[in-house]
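Before any comments, here is the structure.
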Amino acid sequence: MSQSSDKVVFGIDILPSSSPASTREPHYALVILKNGEVYDKNPNVALRRIIRLAWEYRPAIIGVDNIYELGENERSIVKVISLLPPETSVVQVNVDEDKVSKLWEKAKEASLISEYSKFPPLKTAYLVAKLADMGYGLKIRVFEEKTKIIISKGRSFGSGGMSQGRYQRHIRGLILQAVKKIKEALDEHGLDYDMVVRKSESGYDGAVFIVYAPREKLYGIVSTMKGHDIRVIIKPVYRERIEFETVKKKPVKRKPLIVGIDPGIYTGIAILDLDGNVLEVFSGKNIDRHSIIRKIEEYGKPLIIASDVSPPPDTLEKLSTTFNAKLYVPSQSLSQSEKEDLVKTYLQRIKCNISVTDSHQRDALAAAIHALRFFKQKFEQIDSYLKKLELDLDVDKIRIDVVKGATIASAIEKEIYRKLSHELKQKHVEEKVRPKRKTKETNVESLLVEVEKLEKEKALLKEKLRKARNEIHELRKQLEIYHKQTNVQIRAIREIQSLSEEVRRLSEELKKVEKENLELRENIRKLEMMLREVSKGTYSVAKTATTLTLTSLSKLERDYGKLENYDMVYIVNPAFAQEEAVERLFKENILAVLVEKPSREFKSLLESKAIPVIELNEVKDYVIKIGEIVFFKEELKEEAKARKEALRKLMIEKTRIDLEKIIREYRSERWGISL
């Protein structure tokens, strides 16, 4: 293995008889340089051996002259690069930001060869290694600048009793502790991240961190773990496609957008332009912040990030900061019915054929529409204002300034100033590119002409600016008058909207109350009927407890009186049974326990104490249940007695068998007698 002070570079070239698209493993010529000198070479090496040698030598660079020599497509190339050491870069040596050159052209430029000839694979591998070592080419990027940390349970939960439940709570608690520890470590080192968790009553079922930093930056901060109880997996996030690292994108003018986002495990995103056109609505699982940013930037730059809830999620605050966008938050969270009505009405009005396929898309679109409605009046005022001006101004720039807090008048003045500055800069550029005069006299004469021309243009622009300012002043006065007239109307409209919403909310509450009232009346009617039956002796009332615990039995005795011999007890939630409570029922000689859908452990524990467990659906003809009160006919007691007697005999028989077994074992141990 190389020393840390040595620079190791691999150069490879695929053999003519090999192909990444073949079912057979490709073979390559390999040259290894150490500090610029040939350290080793091999004319025929399998891909698997190159990967193994890469881990042995830890090269800084592996050079190629065609990235598709590593794989037939981007997915297979990414797979190969992912198997290399994280500190090793793959470089295509004959690429720069402008073009792809022939390998011999780059080798000649680097003075490695004097003229072109057809090189054998080993010579090509040498040239590739030397060019990579000299800094030629561009690095291949297959990883995002982000890393995924996954915390999950070590094994799946199976079926089991109370001990299984305790184990599940223990694991969830461990996952919760691991999540807190990782979060503290990331916060302490100032790393940006998003976190998604699956919560449960006793902790977390799992969690995923998306850390916006490469994998190597997490060394020493977070470690992997593959234990029996929980696992922590750290892995880099692959790009959707491979890229060359230093390629620069040309700047383009990006359209201002209104973007509604509903973040979570499933994220919904809706993109509108400032005219209210719906450009895109989509959703997906585990979409991280960088993916959201890339998707939005396909359509433009967000001017407004909109939320449907108040306060907004942290993700939206981070995104608004990233885009330097206005974060729109409603005064109160939008209800489900509001969002459904908002989306349905809006799509019908603009006759848009985009379909909203799930609640996350609906919530995101509702947030964007709500934000658009909030700013729409301002946008309409801007359009009305600009119609009065015979100036070619950029309406989007004015809208952007107004959304960010400027008044309409000051935003228009700012755009006029930008236009003036642009024209002056253009003239300045034209001045610079004009050819120099051949003589001093000609140069002075032309300068005087230019000065005179510029003075005239300056006077003309001043006059235009004066007229524009006067017009802006007049329009401001008109706007103030208009505001005074419309403020009262706006307040009235808002009050009407608020009252309408309150009426709608109260109507919904009234419907709920009326439904509950009907149910209560029906229960009262049934209870009155059953009280008459109880007074006749036709029915009796079972004593009700929420769960089979000592606490619930104490409440039962406060509500119904002390437990007595041959009482019938109804348990509302028969999921589990406390052994002390079962012992208490056995001690009081309870006749039977009535339940609905008991667990296997619950039923087994009671019947081991000769307490019958009777399911209500088995004895429908003998019981009537109203709420959590159970009435039963006296005939049911006879059925319960028969079951209790059968269970008692089983218990006695089991006790006898156990006793005989103990006696046999004792005799065997004491006297060596085998029976």
Side-chain angles (χ1 to χ4, degrees), residues 161-162 165 201 515-648 650-651:
M162 290 190 296
E201 291 182 4
K515 184 180 178 182
E516 290 174 359
N517 189 29
L518 284 173
E519 291 175 354
L520 289 171
R521 284 175 178 272
E522 180 62 19
N523 283 344
I524 290 169
R525 187 189 65 77
K526 289 179 180 178
L527 285 170
E528 287 175 347
M529 179 188 71
M530 291 310 300
L531 285 173
R532 287 193 293 270
E533 295 296 324
V534 170
S535 65
K536 292 177 186 177
T538 310
Y539 281 87
S540 298
V541 181
K543 294 180 178 180
T544 300
T546 306
T547 57
L548 190 44
T549 62
L550 290 176
T551 303
S552 291
L553 291 181
S554 296
K555 186 176 183 303
L556 175 148
E557 290 186 321
R558 289 196 298 272
D559 294 340
Y560 294 91
K562 289 186 67 65
L563 287 168
E564 296 178 354
N565 188 34
Y566 271 32
D567 270 345
M568 300 279 273
V569 176
Y570 170 60
I571 303 298
V572 177
N573 181 9
F576 69 96
Q578 192 180 54
E579 291 183 7
E580 295 85 348
V582 174
E583 192 64 37
R584 175 75 192 283
L585 295 185
F586 174 73
K587 181 181 176 183
E588 298 295 344
N589 197 24
I590 296 303
L591 182 58
V593 169
L594 305 177
V595 293
E596 292 176 291
K597 298 180 180 178
S599 68
R600 186 170 54 188
E601 293 81 3
F602 180 94
K603 191 171 182 179
S604 175
L605 186 57
L606 268 76
E607 290 182 347
S608 69
K609 292 292 186 179
I611 301 173
V613 177
I614 300 175
E615 296 185 45
L616 296 186
N617 61 355
E618 296 176 352
V619 290
K620 291 179 181 177
D621 296 337
Y622 299 101
V623 297
I624 293 175
K625 183 172 174 286
I626 302 174
E628 293 184 354
I629 301 175
V630 174
F631 298 88
F632 62 89
K633 289 183 178 180
E634 289 301 314
E635 291 92 322
L636 184 59
K637 280 194 172 184
E638 298 304 320
E639 171 69 17
K641 287 176 183 177
R643 293 192 187 190
K644 189 175 184 69
E645 182 59 26
L647 289 172
R648 189 183 65 79
L650 282 174
M651 187 173 72

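Starting from 1, each residue takes its place in the sequence as its number.
- Val541 is not listed as a side-chain neighbour of Val630, based on a closest heavy-atom distance of 4.5 Å or more.
- Remark: Glu596 engages Lys625 in a salt bridge (Lys or Arg N to Asp or Glu O under 4.0 Å) (not counting sequence neighbours).
- Evaluation of the side-chain hydrogen bond (donor to acceptor under 3.5 Å, both in side chains) rule for Glu645 yields Arg648 as partners, not counting sequence neighbours.
- Applying the side-chain hydrogen bond (donor to acceptor under 3.5 Å, both in side chains) rule to Lys555 yields the partners Asp559; only residues at least two apart in sequence or on another chain are considered.
- The OG1 atom of Thr544 sits 12.0 Å away from the CE atom of Met568 when rounded to the nearest 0.5 Å.
- Scanning for salt bridge (Lys or Arg N to Asp or Glu O under 4.0 Å) contacts around Glu564 gives an empty result, with sequence neighbours left out.
- Side-chain atoms of Thr546 do not come within 3.5 Å of backbone N or O of Ser552 as any donor-acceptor pair.
- For Glu607, there are no salt bridge (Lys or Arg N to Asp or Glu O under 4.0 Å) partners, not counting sequence neighbours.
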Take Val593 and Tyr570, measure what side-chain contact (heavy atoms from CB on, under 4.5 Å) needs, and give me the verdict at the end.
CA-CA 6 Å; Val593 169; Tyr570 170 60; over 6 Å; no

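- Judged as a side-chain contact (heavy atoms from CB on, under 4.5 Å), and not counting sequence neighbours, the contacts of Val619 are Ile614, Tyr622, Val623, Leu636.
- Scanning for side-chain hydrogen bond (donor to acceptor under 3.5 Å, both in side chains) contacts around Asp567 gives Lys543, with sequence neighbours left out.
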Counting only pairs under 3.5 Å, give me each side-chain donor-acceptor contact of residues 582-592, with atom names and distances, residues two or more places apart or in other chains.
unit_1	atom_1	unit_2	atom_2	d
Glu583	OE1	Lys609	NZ	3.1
Arg584	NE	Glu588	OE2	3.4
Arg584	NH2	Glu557	OE2	2.6
Asn589	ND2	Asn565	OD1	2.5

Kindly indicate, with the supporting measurements, whether the criterion side-chain contact (heavy atoms from CB on, under 4.5 Å) is fulfilled by Val569 and Leu556.
CA-CA 9 Å; Val569 176; Leu556 175 148; 4.0 Å; yes

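- Annotation: the span from Ile624 atom CD1 to Lys633 atom NZ amounts to 7.5 Å, rounded to 0.5 Å.
- When side chains are defined from C-beta on, Phe576 does not count as touching Leu605, because their heavy atoms never get closer than 4.5 Å.
- For Lys637, the salt bridge (Lys or Arg N to Asp or Glu O under 4.0 Å) criterion is met by no residue, not counting sequence neighbours.
- Under a 3.5 Å cut-off, the side chain of Lys603 and the backbone N or O of Val613 do not form any donor-acceptor pair.
- Under the rule for a side-chain contact (heavy atoms from CB on, under 4.5 Å), the partners of Ser540 that lie at least two apart in sequence or sit in another chain are Phe632, Glu634.
- Applying the side-chain contact (heavy atoms from CB on, under 4.5 Å) test to Ala581 and every residue at least two apart in sequence or in another chain returns Leu548, Leu550, Leu553, Gln578.
- Listed here is the closest heavy atom pair of Pro612 and Ala640: CG-O, 3.7 Å.
- Residues that satisfy the side-chain contact (heavy atoms from CB on, under 4.5 Å) test with Arg525, not counting sequence neighbours, are Glu522.
- Put simply, the side chain of Pro598 reaches to within 4.5 Å of the side chain of Glu615, judged on heavy atoms.
- Nearest heavy-atom pair, Ala542 versus Tyr560, reported as atom, atom and distance to 0.1 Å: O-CE2, 4.1 Å.
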